[in-house]
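Following: one structure in structure tokens, then a few remarks.
Bear in mind that the values here come from a model prediction, so they are computed numbers and not experimental data. By convention here, the first residue in the shown sequence is residue 1.
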Amino acid sequence: MAEYAQFEQPKPNPDLEPLGRLIGTWKQSGGIAGEITYEWMEGGFFLIQRVDLDHDGHKIKGMEIIGHLQTFGEEPSTDIKSRFYGSGGETFDYVYEAEGDTLTIWGGEKGSPAYYKGQFSKDGNTLTGSWVYPGGGGYNAVSTRVRK
């Protein structure tokens with residue numbers, strides 16, 4: 001009888017768990033309006049975000065994949081990174097951090113002058129924050145969960 005090597009299935013990095021608070025559909029208000037939906041990709045290694053938004057008359061439809069990037073032959077990234085793909089052909093990179101009730105999304109790389117910082121309510125069904133852009137731009141955003 002042949003012996004088979006036991007292979008341990010990889011497990012998602014535990015630092016992704018706090019992003020589970022985003023699962024569901026959220027209504028956006030403030031400087032941007034519309035809906036955002038988050039769901040785990042099978043396996044739990046990546047969070048998928050779908051957006052249907054209006055920002056000052058500019059329609060934004062797209063999808064973002066959030067998780068640890070892994071380049072061929074290398075270990076997964078230490079930061080939680082993402083790429084947004086918009087229906088207008090745009091792509092944007094972000095870095096996510098979730099600590100306690102605070103969610104920070106950096107535009108491009110961690111420490112960028114373009115970022116979002118938001119605070120979850122005690123019940124976890126409201127996320128209130130602001131996008132900050134270099135030169136003083138940005139907007140406030142309130143996300144209210146409408147479905148889990």
Using residues 137-144 as the side-chain source, report each donor-acceptor pair under 3.5 Å to any protein atom, sequence neighbours left out, with the distance given to one decimal.
| unit_1 | atom_1 | unit_2 | atom_2 | d |
| --- | --- | --- | --- | --- |
| Asn140 | OD1 | Ser130 | OG | 2.5 |
| Ser143 | OG | Gln28 | OE1 | 3.1 |
| Ser143 | OG | Gln28 | NE2 | 2.8 |

Verify same cluster id: [X], [Y] (apolar side-chain graph, 4.5 Å):
{"X": "Tyr94", "Y": "Trp40", "result": "yes"}
{"X": "Ile23", "Y": "Leu103", "result": "yes"}
{"X": "Leu47", "Y": "Leu53", "result": "yes"}

Inset, instruction - Could you work out the complete set of other residues in the hydrophobic cluster of Val95, with links drawn between I, L, V, M, F, W and Y side chains under 4.5 Å apart? - result: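 Taking Ile, Leu, Val, Met, Phe, Trp and Tyr as members, Val95 shares its hydrophobic cluster with Trp106, Tyr115, Val132.
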Legend entry - Remaining members of hydrophobic cluster (4.5 Å side-chain criterion), Ile48: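 Once heavy-atom contacts under 4.5 Å are chained together, Ile48 belongs with Met41, Phe45, Phe46, Met63, Ile65.
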State the [atom1]-[atom2] distance between [X] and [Y], to the nearest 0.5 angstrom.
{"X": "Tyr116", "Y": "Thr104", "atom1": "OH", "atom2": "OG1", "result": "9.0 Å"}
{"X": "Tyr85", "Y": "Thr91", "atom1": "OH", "atom2": "OG1", "result": "7.5 Å"}
{"X": "Arg147", "Y": "Glu35", "atom1": "CZ", "atom2": "CD", "result": "5.5 Å"}
{"X": "Lys122", "Y": "Asp101", "atom1": "NZ", "atom2": "CG", "result": "7.0 Å"}

Legend entry - Qualifying residues under side chain to side chain contact (heavy atoms under 4.5 Å, CB included), relative to Lys148, sequence neighbours excluded: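 With sequence neighbours excluded, Lys148 shows a side chain to side chain contact (heavy atoms under 4.5 Å, CB included) to Asn125, Arg145, given in chain and number order.
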Inset, instruction - Please name all residues satisfying side chain to side chain contact (heavy atoms under 4.5 Å, CB included) with Glu90, sequence neighbours left out, ordered by chain then number. - result: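 Glu90 satisfies side chain to side chain contact (heavy atoms under 4.5 Å, CB included) with Phe84, Phe92 once adjacent residues are dropped.
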Is there a donor-acceptor contact under 3.5 Å from the side chain of [X] to the main chain of [Y]?
{"X": "Ser82", "Y": "Ile66", "result": "no"}
{"X": "His68", "Y": "Ser77", "result": "yes"}
{"X": "Gln70", "Y": "Glu74", "result": "yes"}

Please, which pairs that meet salt bridge (charged side-chain N to carboxylate O under 4.0 Å, His left out) have at least one residue in [range], sequence neighbours excluded?
{"range": "residues 40-50", "answer": "Glu39-Arg50"}
{"range": "residues 103-114", "answer": "Asp79-Lys110, Lys81-Glu109, Glu97-Lys110"}
{"range": "residues 134-143", "answer": "none"}

Inset, instruction - State whether Asp52 and Lys59 are salt-bridged, where the test is any N-O pair (Lys NZ or Arg NE/NH1/NH2 against Asp/Glu carboxylate O) under 4.0 Å. - result: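 Yes, charged N to carboxylate O under 4.0 Å.
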Would you please name every residue forming a side chain to side chain donor-acceptor pair (under 3.5 Å) with [X], sequence neighbours left out?
{"X": "Gln119", "value": "Thr102"}
{"X": "Asn13", "value": "none"}
{"X": "Lys117", "value": "none"}
{"X": "Asp93", "value": "Arg83"}

So which atom in [X] and which in [Y] form the shortest heavy-atom distance, rounded to 0.1 Å?
{"X": "Ile80", "Y": "Asp15", "result": "CD1-O, 3.5 Å"}
{"X": "Phe120", "Y": "Arg21", "result": "CB-NH2, 3.4 Å"}
{"X": "Pro12", "Y": "Gly44", "result": "CB-O, 3.3 Å"}
{"X": "Ala98", "Y": "Leu19", "result": "CB-CD2, 4.1 Å"}

Inset, instruction - Show the numbers, then the answer: is there a side chain to side chain contact (heavy atoms under 4.5 Å, CB included) between Ile60 and Val51? - result: CA-CA 7 Å; Ile60 304 166; Val51 303; 4.2 Å; yes
Inset, instruction - Just say parallel, tilted or perpendicular for the rings of Trp131 and Tyr133, cut-offs at 30° and 60°. - result: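 Parallel, since the angle between the ring planes stays under 30°.
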Inset, instruction - Decide side chain to side chain contact (heavy atoms under 4.5 Å, CB included) for Tyr96 and Glu64; before the verdict, give the C-alpha distance in whole Å, the side-chain angles of both, and the deciding distance to 0.1 Å. - result: CA-CA 12 Å; Tyr96 279 67; Glu64 185 174 1; 3.1 Å; yes
